[in-house]
Engineer: 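This is the structure, below, for whatever I ask next.
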There are 2 protein chains.
Amino acid sequence: MNAVPHPTIALLQSSSLTTVVQQEIERAILQGEYAPGSKLTEADLAQKLGVSRGPVREAFRMLDEAGLVRTEKNRGVFVRDIPIDEAVEIFDLRASMDELVGRKLAANITPAQLKEIRALVDAMEKAVKAEDAYNYHLLNLKFHDRLVEMAGNSKLTAIYRKLIKELSLFRRLNLADGWLLPISANEHRQILKAIASGDQDAAGRAMFDHAMDSKERTIDNDLRRQARATEGAASKHAKAEHAER
Amino acid sequence: MNAVPHPTIALLQSSSLTTVVQQEIERAILQGEYAPGSKLTEADLAQKLGVSRGPVREAFRMLDEAGLVRTEKNRGVFVRDIPIDEAVEIFDLRASMDELVGRKLAANITPAQLKEIRALVDAMEKAVKAEDAYNYHLLNLKFHDRLVEMAGNSKLTAIYRKLIKELSLFRRLNLADGWLLPISANEHRQILKAIASGDQDAAGRAMFDHAMDSKERTIDNDLRRQARATEGAASKHAKAEHAER
DNA sequence: GTCCATTTGTACGTATGTATC
DNA sequence: TGATACATACGTACAAATGGA
């Protein structure tokens, strides 16, 4: 009988200290414990995690390659702050990938998968009625992640998730634009219908359009936020300019 | 007067030893100096490059994240060997990205850019007539890379190039399928026409179809190659099985 | 089962660059 | 403008653990 490896053992076999450190720093960044722009000091992190500086430096190189931090020579590494231009680029790219997802799903989705997606859409509509923006946000992430995963292209899934991580570093995602949730939820329902119908072009278009709408909502939201900020600064005699850098 | 930094100085400021090492190893891998599957010993590379182990290890982490090597704990790092399933996934993904490129270019390309692309297409047709498959291959890479770059989405460009690098680790690209070059060249001409016409959907479709055709050609080629290999092995009383691992 | 090569992780030293006062 | 403190970059040396022959 071939033994099933104990989970802890399997984990120790696959993960080096470096990868554990990398995952922990990534988790902290994505959960907002280190804000975009903040400095990550290797000695501090090493001490905090109880390891030497070597693994931390290697983890930094991984996070840099993944686009989550930026390294300035002789100055250190900083949590990346995704500029709005790059966010727009990522949104466009994601829309194109989502279009591919929609086509593939319309062609290949199974009844069981369809049922799972339908449950998510139902849950999101409930969250809209309850005006629970936070829960909606989580369900929305899950919905899209599952769709991508179900498309059955692991490379696509990996890159999609990387893009989502980077996007989360874009000035605080707009999980607060409550009045737009019904629109988004309705689009999800349309996506579900198109996929279930088996019409590849329609499903692809539905997902593409949804992604682009989501882009418009997020970007517009950010522009308004910026406008308010600079306006506020102006009314304070432009005192906030020091904080810009 | 604000001085323009001397190029050497600017270079020293941006590139650490680690990044130089990373670029050198990457270059060597992509040029085939280290075949897919071969082992990269950090001490050897460090000595060969005249640096200590630190920068080499950090470069390994970058290359791992980029998908060019794989790290097995306590065993070392190896040049990645892209399996055919993953190559198929990458081709599908690239087709989707190319579709986006086609749409964007049909909408935004400038006359000067169009002229540059036309020159590349002309050059490729000349290479076909001269039956110069190698030169055609180089021009083809350049053609697609320029198109992506001209689409004006730097994130898209970066990811596209990463995918191309990974694909080049897929069992030796088929730059030898000479009799198919006219077909490929003709498709390029069609892409050019569609972009020049300004029809976004047509341009997107032309690029998507071309990418998928390219996939079929490459994958079919590989399957035939594999079939020949196993057939040959069978005729040699399956002696080659040791080489498979 | 032992031996050897290699990797993994730690510790420390020095040089260099940056920031701050 | 120094002078100082600090962090990074890179090298080296050493111990422990692993995997293969």
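The chains referred to below are lettered A, B, ... by the order of the sequence lines, with proteins before strands, and numbering in each begins at 1. Nothing here was measured: the structure is a model prediction, and the numbers come from that model.
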Engineer: Counting the atoms with a prime plus P, OP1 and OP2 as sugar-phosphate, which does B:Glu42 contact under 4.0 Å by heavy atoms, base, sugar-phosphate, or nothing?
Structural biologist: base

Engineer: Not counting sequence neighbours, which residues clear ring-ring contact (aromatic ring centres under 6.0 Å, His included) with B:Phe208? List them please.
Structural biologist: none

Engineer: Just to verify, what does A:Arg53 make a salt bridge (Lys or Arg N to Asp or Glu O under 4.0 Å) with, not counting sequence neighbours?
Structural biologist: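 Once residues adjacent in sequence are excluded, the partners of A:Arg53 under the salt bridge (Lys or Arg N to Asp or Glu O under 4.0 Å) criterion are A:Glu42.
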
Engineer: Sequence neighbours excluded, which residues qualify as side chain to side chain contact (heavy atoms under 4.5 Å, CB included) partners of A:Leu17?
Structural biologist: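 A:Leu17: side chain to side chain contact (heavy atoms under 4.5 Å, CB included) contacts with A:Val21, A:Val51, A:Pro55.
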
Engineer: If you only use heavy atoms from C-beta on, which nucleotide in D:dA9, C:dT6, D:dA7 is closest to the side chain of A:Lys39?
Structural biologist: D:dA7

Engineer: Nearest to the side chain of B:Thr18 - C:dT6, C:dT8, D:dC10?
Structural biologist: D:dC10

Engineer: Of the residues in residues 43-70 of chain A, which ones touch DNA chain D at a heavy-atom distance under 4.0 Å?
Structural biologist: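 Heavy-atom cutoff 4.0 Å gives A:Arg53, A:Arg57.
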
Engineer: Residues in side chain to side chain contact (heavy atoms under 4.5 Å, CB included) with B:Asn74, at least two apart?
Structural biologist: none

Engineer: Which residues satisfy the side chain to side chain contact (heavy atoms under 4.5 Å, CB included) test with A:Ala28, sequence neighbours excluded?
Structural biologist: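 With neighbours one apart ignored, the set is A:Glu33, A:Tyr34.
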
Engineer: Any N/O pairs under 3.5 Å between the protein and nucleotides 19-21 of chain C? List them or say none.
Structural biologist:
{"from": "C:dA19", "atom 1": "OP1", "to": "A:Arg75", "atom 2": "NE", "distance (Å)": "2.8"}
{"from": "C:dA19", "atom 1": "OP1", "to": "A:Arg75", "atom 2": "NH2", "distance (Å)": "3.3"}

Engineer: Considering residues at least two apart in sequence or located in another chain, which fulfil the ring-ring contact (aromatic ring centres under 6.0 Å, His included) criterion with B:Phe143?
Structural biologist: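 With neighbours one apart ignored, the set is B:His188.
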
Engineer: Would you say D:dA7 has OP1 or OP2 under 4.0 Å from some side-chain N or O of A:Lys73?
Structural biologist: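 No, because none of the side-chain N or O atoms of A:Lys73 sits under 4.0 Å from OP1 or OP2 of D:dA7.
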
Engineer: Of all residues at least two apart in sequence or in a different chain, which pass the side-chain hydrogen bond (donor to acceptor under 3.5 Å, both in side chains) check with A:Glu26?
Structural biologist: A:Gln22, A:Lys165

Engineer: Going by distance alone, is a donor N or O of one side chain under 3.5 Å from an acceptor N or O of the other, for A:Gln23 and A:Arg27?
Structural biologist: no

Engineer: How would you list, by chain and number, every residue that makes a side-chain hydrogen bond (donor to acceptor under 3.5 Å, both in side chains) with B:Lys215, sequence neighbours excluded?
Structural biologist: B:Asp92

Engineer: Any idea which of C:dT8, D:dA7, D:dC10 is nearest the B:Thr71 side chain?
Structural biologist: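 Out of C:dT8, D:dA7, D:dC10, the nucleotide with an atom closest to B:Thr71's side chain is C:dT8.
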
Engineer: Not counting sequence neighbours, which residues clear side chain to side chain contact (heavy atoms under 4.5 Å, CB included) with A:Gln47? List them please.
Structural biologist: none

Engineer: Take the protein atom CD of B:Glu72 and the nucleotide atom C1' of C:dT8, then report the distance between them rounded to whole Å.
Structural biologist: 15 Å

Engineer: Need the bend value for the helix from C:dT2-D:dA21 to C:dC21-D:dG2: angle between end axes, 5 pairs each end, nearest 10°.
Structural biologist: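 The two end axes of the helix from C:dT2-D:dA21 to C:dC21-D:dG2 meet at 20°.
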
